[in-house]
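Each ligand, and each atom within it, is numbered from 1 in the order the structure gives.
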Amino acid sequence: MGNKKYSIGIDYGTQSGRAMLVEVETGKEIATAVVPYADGVIDKQLPGTAIQLEHDWALQNPEDYLDVLYQAVPQVLKDSQIDSADVIGLGIDFTACTMLPVAKDGRALCQLPEYRNNPHAWVKLWKHHAAQDEANSLNRIAASRGETFLARYGGKISSEWIIPKIWQILDEAPEIYEAADRFMEATDWVTMQMTGIDVRNSCTAGYKAIWHKKDGYPGKDFFKALDPRLENLVAEKLSSDIIAIGSKAGGLISGMAKQMGLKAGTAVAVGNVDAHAAVPAAGVVTPGKMVMSMGTSICHLVLGEEEKNVDGMCGVVEDGIVGGYFGYEAGQSAVGDIFEWFVANCVPGSYFAQASERNINIHHLLEEKASKFVPGESGLLALDWWNGNRSVLVDTNLTGVLLGATLLTKPEEIYRALIEATAFGTNMIVETFINAGVPIEQLYACGGLSQKNNMLMQIYADATGLEIRVATSLQTPALGAAMFGAVAAGKEAGGYDTIFDAAAKMTSIKQVYTPNPENVARYKKLYAEYKILHDYFGRGANDVMKRLKEIKKNTKVIKSKMLEK
Ligand SMILES: Nc1ncnc2c1ncn2[C@@H]1O[C@H](COP(=O)(O)OP(=O)(O)O)[C@@H](O)[C@H]1O
Ligand SMILES: O=C(CO)[C@@H](O)[C@@H](O)COP(=O)(O)O
């Protein structure tokens, strides 16, 4: 038996890139290195210029992505002290839709001096929200034409996705649209820099570019209806050569291999997306198991045998998560962020004093106090829409609700009610999938929040009535990317032939939360009330939240006019 074999997973986040070196046989995480992006999130001023960006813009510098390869990869090799010849594969995962215009020679347009001063030549980060007008028009036109693809995306295409972003470029900088040889997801662009081959992955194509394995992209007529100049977008500037997740993109070219400290020819997997790469890393490679990637928000992912239309899902894509299955994605737009808001705005100083006296985190203090209650005891019920509702209502104009407060209500009771509201939100998603014919028998959890609060995880198990298995790895996206790297290398090279084999060996479960039957029964009653509130405020019976937003907007206008005087 030769030396141990390793794979590297690189997770490209919003602020930084993280390389993780993993032992292929066991999935053991040997070394990790994080490189912050020098230009970070560019949302105010274009680097090296005085050019100011407009509201809702969020750009990145593609050279920062390359620096992650040049710095983080040699660092993990150095820290682990292994022979680089034993690294058999490499995979990356990215935020998405993070996209860029690319020149014929493969460079990002913003790397060319003549385009450097044009903000539209740079990478548009997933949270660039300035293409909302284009997204609204796209949705209106698609609905009026009865485009069937809308149903695959819960009825709406997001402004975060690639077509609205490309359309914004065409609207505001037609010269950049013209100059672009093609538009690419950053995950494919970085993979191309490593392999020298332009290979597009089925995950971002399916979830972010309205591509379908059988139907392809929307037709020319649809693009023409958006804008006659977009008629040939697919043929001229997108690729229809889409490769399934789990495939090999190519081998590392020698120039890159030298800079990264690896052997030329090392297998590179096709690009992937962070939340989707985390699924096999949580041990999930078959249907019926929904993975919750839990942090500031929750991304819900599940595999299915068939393509079904599920109300309010973010998307369904064949081969989108694991080859051979339909990958479904749904989500809640704020979860950890709601608790963060509560702690920052509604917890009295005396609680912070107690936490600091005991040298514990404020969340731990609240968890301890809130754990003393049984479901229903506080008389509170909340709706988890502090940042709108992603699934199943797909409505960013919905806002939060707290019901049942009295003069005796305590902060920990509200904290618990907010956690329960997010658990009910997840249950609504689970129920909607099951009703649409996509089975869900178990929940899996990964992401920071899944390992931070036991009470929260037990509430999720009790509110859904489902067992929850928590992944051991705290870096599931990077682990998933490394697993796909090992699959790209293949068994003969010391890796795996399939992601199923890799998942069996490289992942593990840290903890299982089992529903408590008494609490399940109590939460059933509360969930019935949640559903009534959810439908009342969310499905048009009372649009008070939207009216309040309108009043707020008008009041702000009036106030600013008064201040101008
Ligand atoms: N003990 C806790 N209980 C509940 N929420 C927490 C706790 N600790 C942190 N949070 C919330 O969880 C989120 C951080 O989760 P994490 O997975 O680390 O972040 P991210 O989504 O950025 O990866 C924050 O929104 C934070 O407010
Ligand atoms: O949209 C997706 C996945 O579909 C994410 O890449 C994007 O929301 C960024 O996620 P993170 O905030 O980096 O977890």
Side-chain angles (χ1 to χ4, degrees), residues 11-18 37 41 58 60 92-99 125-129 153 158-162 185-187 201 203-209 271-279 291-301 313-317 320-321 327-345 347 355 360-371 386-387 390-391 412 415-416 418-420 422-423 445-460 470-471 473-478 480-481:
D11 172 40
Y12 282 96
T14 298
Q15 308 280 353
S16 61
R18 167 191 305 270
Y37 304 140
V41 176
Q60 287 197 316
I92 69 168
D93 70 84
F94 236 95
T95 64
C97 161
T98 295
M99 56 78 71
L125 182 60
W126 65 276
K127 63 177 179 178
H128 172 94
H129 285 151
Y153 300 99
S158 162
S159 70
E160 288 181 5
W161 299 351
I162 203 165
E185 278 281 344
T187 196
N201 77 87
C203 180
T204 51
Y207 289 105
K208 314 292 180 183
N272 208 336
V273 175
D274 42 18
H276 302 70
V279 173
V291 177
M292 304 181 288
S293 179
M294 307 177 78
T296 51
S297 62
I298 297 185
C299 216
H300 301 78
L301 298 132
M313 66 179 161
C314 305
V316 51
V317 177
I321 300 175
Y328 291 85
E329 179 182 351
Q332 283 169 276
S333 30
V335 177
D337 272 353
I338 302 181
F339 318 138
E340 186 72 29
W341 165 83
F342 179 70
V343 163
N345 294 283
V347 177
I360 58 171
N361 179 301
I362 187 70
H363 284 285
H364 288 161
L365 183 79
L366 287 165
E367 178 187 356
E368 197 180 280
K369 288 179 185 285
S371 297
W386 260 247
N387 190 20
R390 189 178 297 164
S391 300
E412 55 270 31
Y415 185 72
R416 185 175 174 120
L418 293 174
I419 291 176
E420 288 170 345
T422 64
C446 59
L449 193 52
S450 69
Q451 298 196 21
K452 284 184 173 139
N453 188 324
N454 285 317
M455 176 190 75
L456 177 147
M457 294 308 295
Q458 187 61 48
I459 288 175
Y460 271 62
V470 181
S473 175
L474 265 172
Q475 307 298 344
T476 40

Measure the shortest side-chain to side-chain distance between [X] and [Y] over non-hydrogen atoms and say whether it is less than 4.5 angstrom.
{"X": "Ile362", "Y": "Phe339", "answer": "no"}
{"X": "Cys446", "Y": "Ser473", "answer": "no"}
{"X": "Cys97", "Y": "Glu160", "answer": "no"}
{"X": "Lys369", "Y": "Tyr415", "answer": "no"}
{"X": "His300", "Y": "Val291", "answer": "no"}

Measure from the side-chain N and O atoms of Thr187 to the backbone N and O of Asn272, and report whether any donor-acceptor pair falls under 3.5 Å.
yes
Ignoring hydrogens and geometry, is there a side-chain-to-backbone donor-acceptor pair from Ser293 to Cys299 under 3.5 Å?
no
Those residues with a heavy-atom separation under 4.0 Å from ligand 1 are Met294, Gly295, Thr296, Gly336, Asp337, Phe339, Glu340, His363, Tyr415, Gly448, Leu449, Lys452, Asn453
| request: Might you work through the salt bridge (charged side-chain N to carboxylate O under 4.0 Å, His left out) test for Arg416 and Glu420, ending with a clear yes or no? | output: CA-CA 6 Å; Arg416 185 175 174 120; Glu420 288 170 345; 3.0 Å; yes
To the nearest 0.5 Å, atom CH2 of Trp126 lies from atom CD of Glu185 at 13.5 Å
List, pair by pair, the atoms of ligand 2 and of the protein that are both N or O and lie under 3.5 Å apart, giving the separation rounded to 0.1 Å.
residue	atom	partner	partner atom	Å
ligand 2	1 (O)	Ala96	O	3.0
ligand 2	1 (O)	Lys208	NZ	3.4
ligand 2	4 (O)	Lys208	NZ	2.9
ligand 2	4 (O)	Glu329	OE2	3.0
ligand 2	6 (O)	Ala96	N	3.0
ligand 2	6 (O)	Asp274	OD1	2.9
ligand 2	6 (O)	Asp274	OD2	3.2
ligand 2	13 (O)	Asp274	OD2	3.4

